[in-house]
Number of protein chains: 2
Amino acid sequence: MTQRRVTIKQVAAEAGVSITTVSHVLNDVLGKRVHPDTRARVKDAAVRLGYAPNVLAQSLRTQRSNTIGLVGDEIATTPFAGKMILGAQDVALSRDAVVFVVSTGYQREVEHREIEELLRRQVDGILYAAMYHREVELPPQLASVPTVLINASCTAPGVPWVVPDEVAGGQDAAEVLLAAGHRRLAFINDVDEIPAMFGREEGFRRRAAQAGLGADDLQIVTAETDPGGGYTAARRLLQGDQRPTAIFCFNDRLAMGVYRAATELGLRIPQDLSVVGFDNQEFVADGIFPGLTTIELPHYDMGVWAAEQLFDRIEAEPQATKPAPTARLRGPVIYRDSVAPPPWVQDPGERREPSDRRANAGSDGAAPTIHMNK
Amino acid sequence: MTQRRVTIKQVAAEAGVSITTVSHVLNDVLGKRVHPDTRARVKDAAVRLGYAPNVLAQSLRTQRSNTIGLVGDEIATTPFAGKMILGAQDVALSRDAVVFVVSTGYQREVEHREIEELLRRQVDGILYAAMYHREVELPPQLASVPTVLINASCTAPGVPWVVPDEVAGGQDAAEVLLAAGHRRLAFINDVDEIPAMFGREEGFRRRAAQAGLGADDLQIVTAETDPGGGYTAARRLLQGDQRPTAIFCFNDRLAMGVYRAATELGLRIPQDLSVVGFDNQEFVADGIFPGLTTIELPHYDMGVWAAEQLFDRIEAEPQATKPAPTARLRGPVIYRDSVAPPPWVQDPGERREPSDRRANAGSDGAAPTIHMNK
DNA sequence: ATCAGTTGCCCAATCGTTTTGCTGCGACAA
DNA sequence: TTGTCGCAGCAAAACGATTGGGCAACTGAT
């Protein structure tokens with residue numbers, strides 16, 4: 001079935017030259033002289049036959065496969081995976097490389113086998129991606145091959161990584177609410193002690209403190225990060241005597257629960273209660289009513305950053321052991337309709353953000369900021 | 001940086017034999033005799049050195065890369081992509097193959113370039129995946145290489161494809177509602193004329209007719225397949241004089257809008273109105289309250305089926321041109337809490353399905369049925 | 001006519017495998 | 001002693017490319 005593809009030998013025959021010459025002209029090898037006429041003849045033959053080099057053979061010879069592997073822990077269940085893959089793929093393609101994607105299902109043994117498989121295939125480097133931001137321990141096999149982490153950090157020296165800027169995310173969330181005039185805020189945080197949990201809270205607290213909010217103005221509770229958790233937490237918050245006018249949710253799913261609690265309590269969003277989410281899971285944030293203002297995680301950008309770093313490392317001279325760069329990328333605030341001024345300052349004519357506008361957060365303006373070391 | 005991997009030559013030296021012998025023992029070539037002692041020595045040397053063959057070289061020699069490509073139109077935005085990839089990957093891995101994933105973004109020119117890149121890399125075959133079920137026209141480049149379609153059909157002969165069984169889905173939806181006792185049904189269908197639109201309606205109608213429902217008992221309207229569309233359509237349906245007691249939605253996002261409309265009209269789900277969705281988008285169906293009973297699309301299974309077909313074709317003798325198999329896979333009904341008996345027969349003690357049970361639909365019981373030709 | 005320098009192209013080795021012979025050797029029969 | 005046979009193993013030719021080193025043929029100067 002597979003019709004054999006055209007080889008360089010056939011092109012050589014067609015053009016009446018040696019394969020050496022064909023290779024020289026097709027690769028524009030400098031220092032090699034070939035007559036313009038011959039050059040034309042070869043090129044012509046190549047297109048006429050529809051020649052495309054066999055990358056396997058090329059790779060074997062050049063010791064460069066122009067192939068990278070992306071190993072993820074859970075490719076299937078989140079839409080985030082796709083964005084990271086896409087980011088990586090876009091830069092790969094711009095360098096004539098292709099990406100092997102494998103998913104480990106969090107099983108160390110599967111991971112081992114799959115990485116081994118990638119190495120046997122002579123990948124030039126590996127992107128190691130986590131679906132939620134966390135610290136990982138790198139499989140030892142990866143020591144011998146250039147590696148970059150996505151959405152994960154590690155303590156091993158020499159390994160670049162990129163993660164979301166959780167602190168900035170927390171700040172941006174606070175900023176959005178403060179800018180709308182809120183002074184009594186709540187944050188429903190994740191119960192799990194992961195970087196996002198610490199970072200977002202730190203950022204949120206910091207920005208609130210900057211604005212002069214006291215301890216009483218800021219309620220922070222934790223919950224399971226699903227609609228049920230958000231519902232329970234919100235009921236408690238909203239029935240308390242110090243009812244917040246705005247709630248920042250660890251993620252969008254949690255916010256769904258908050259919406260339900262608000263509805264049940266007769267609170268309208270955003271008139272009576274403002275809500276900010278996190279993740280910008282399109283189907284959730286854009287699907288609930290009113291649309292959820294939320295903070296996007298920079299999955300695509302992380303994929304791009306990591307892939308670029310990876311190729312840099314691959315192309316770098318082996319002896320040049322520069323320190324591994326790391327980055328925290330800030331995601332944009334996605335403005336929808338869940339934030340308005342608090343009830344006491346509300347003036348219908350002056351809603352702050354138009355629906356569905358996509359813009360960047362906060363006072364520092366500018367495009368998604370990138371903070372990185374070295 | 002990349003530490004060169006062990007080659008067969010080194011193993012040969014270590015074991016004191018020729019590379020031929022190493023190859024023979026490591027591949028268990030039949031018809032080749034090698035002394036048990038030597039055999040042991042070679043194997044030992046191989047593991048001691050941590051030898052793993054260079055797949056590039058192997059492929060070059062054997063003309064088989066054990067690599068397949070998956071080209072999708074939109075990898076990033078739906079969680080469905082991940083499931084198809086995972087399905088394909090699982091069977092690939094069981095055959096010692098790996099999957100290249102590329103995403104075309106619906107751009108024909110990008111698609112062409114990416115497929116070309118895959119072919120240069122000597123992939124053994126290609127999976128061509130659509131993110132929503134539709135009929136596609138195959139890029140001509142794919143004529144020369146084994147190809148299987150996922151979630152798409154095509155008229156080209158000799159190309160296997162697999163799609164969801166839309167008709168069965170429509171029937172299952174009707175079955176769920178009829179079994180709960182509903183007799184006045186509505187279906188909010190997609191406005192776009194795609195296979196899912198036709199198939200689901202056909203199935204829904206057919207099952208309703210079987211149950212003896214007349215034209216008046218069945219309202220079918222169309223809408224944009226997003227929450228807004230569902231909202232508008234549901235308002236209209238629920239305010240009409242022939243208010244249905246149950247609504248089947250073309251997809252889960254649409255159902256979100258139906259939920260909102262119901263809430264606004266003071267109708268409780270499922271007591272006053274039952275709802276069935278389609279897609280089982282976890283974050284949506286499991287996130288809204290009450291949990292949405294819905295029909296899952298068999299993305300993972302389609303990935304598996306397609307990959308298996310692909311490998312079969314790859315391994316088949318070239319002359320053996322069997323007719324291309326095609327399949328329509330039925331997805332399971334995912335029972336949650338949005339379906340109950342209609343108001344007039346309601347008996348609180350007898351809710352039909354426990355929450356969150358995962359089971360198969362309807363009267364025909366059994367595991368997800370597979371219908372296929374040949 | 002000779003020589004040096006340039007031009008234009010090709011030979012052959014190489015990358016790491018698989019695979020098709022072939023060969024050297026001991027055993028056994030004639 | 002010679003011939004035959006089975007066993008173990010090896011040499012070498014692929015696979016399809018890249019690349020360092022040569023080698024003719026031509027040019028122009030002497």
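Sequence lines set the chain letters: A, B, ... in the order given, protein chains first and strands last, and positions in each chain run from 1.
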Participant: What is the distance, rounded to the nearest whole Å, between atom CZ of B:Arg64 and atom P of D:dG16?
Facilitator: 16 Å
Participant: Assign each of A:Arg39 and B:Leu56 to its nearest nucleotide of DNA chain C by heavy atoms, then name whichever residue's nucleotide is nearer the 5' end.
Facilitator: A:Arg39
Participant: Which residue pairs satisfy the ring pair (Phe, Tyr, Trp, His ring centres under 6.0 Å) criterion with at least one member in residues 41-78 of chain B, sequence neighbours excluded?
Facilitator: none
Participant: Between atom CZ in A:Arg41 and atom C1' in C:dG8, what is the gap in whole Å?
Facilitator: 11 Å
Participant: How many whole angstroms separate atom CG of B:Asp37 from atom C1' of D:dA8?
Facilitator: 12 Å
Participant: Nucleotide by nucleotide, 5' to 3', does protein get under 4.0 Å of the base (B), only the sugar-phosphate (S), or neither (-) in nucleotides 17-24 of chain D, counting heavy atoms?
Facilitator: BBBBB---
Participant: When all nucleic acid strands are considered with a 4.0 Å heavy-atom cut-off, which category describes B:Thr38: base, sugar-phosphate, or nothing?
Facilitator: sugar-phosphate
Participant: If you look only at pairs with a residue in residues 16-39 of chain A, which of them pass as a salt bridge (Lys or Arg N to Asp or Glu O under 4.0 Å), with sequence neighbours excluded?
Facilitator: A:Asp28-A:Arg39
Participant: Could you check whether B:Arg108 pairs with B:Asp73 (Lys NZ or Arg NE/NH1/NH2 to Asp/Glu carboxylate O, under 4.0 Å)?
Facilitator: no
Participant: Kindly write out the residues that satisfy side chain to side chain contact (heavy atoms under 4.5 Å, CB included) with A:Ala88, not counting sequence neighbours, or none if the list is empty.
Facilitator: A:Leu70, A:Leu127, A:Ala307
Participant: For A:Arg5 and D:dC15, give me the distance from atom CZ to atom P, rounded to whole Å.
Facilitator: 17 Å
Participant: Just the rounded figure in Å: distance from P of C:dT17 to CZ of A:Arg120.
Facilitator: 11 Å
Participant: Phosphate oxygens OP1/OP2 of D:dG16: is one of them under 4.0 Å from a side-chain N or O of B:Gln63?
Facilitator: yes
Participant: Counting only pairs under 3.5 Å, give me each side-chain donor-acceptor contact of residues 19-27 of chain A, with atom names and distances, residues two or more places apart or in other chains.
Facilitator:
residue: A:Thr21; atom: OG1; partner: A:Ser18; partner atom: OG; Å: 3.3
residue: A:Ser23; atom: OG; partner: A:Asn27; partner atom: ND2; Å: 3.4
residue: A:Asn27; atom: ND2; partner: A:Ser23; partner atom: O; Å: 3.3

Participant: The criterion is side chain to side chain contact (heavy atoms under 4.5 Å, CB included); which residues satisfy it with B:Gln141, sequence neighbours excluded?
Facilitator: B:His112, B:Ile115, B:Glu116, B:Leu119, B:Pro139
Participant: Do the side-chain N or O atoms of A:Gln122 get closer than 4.0 angstrom to the phosphate oxygens (OP1, OP2) of C:dC15?
Facilitator: no
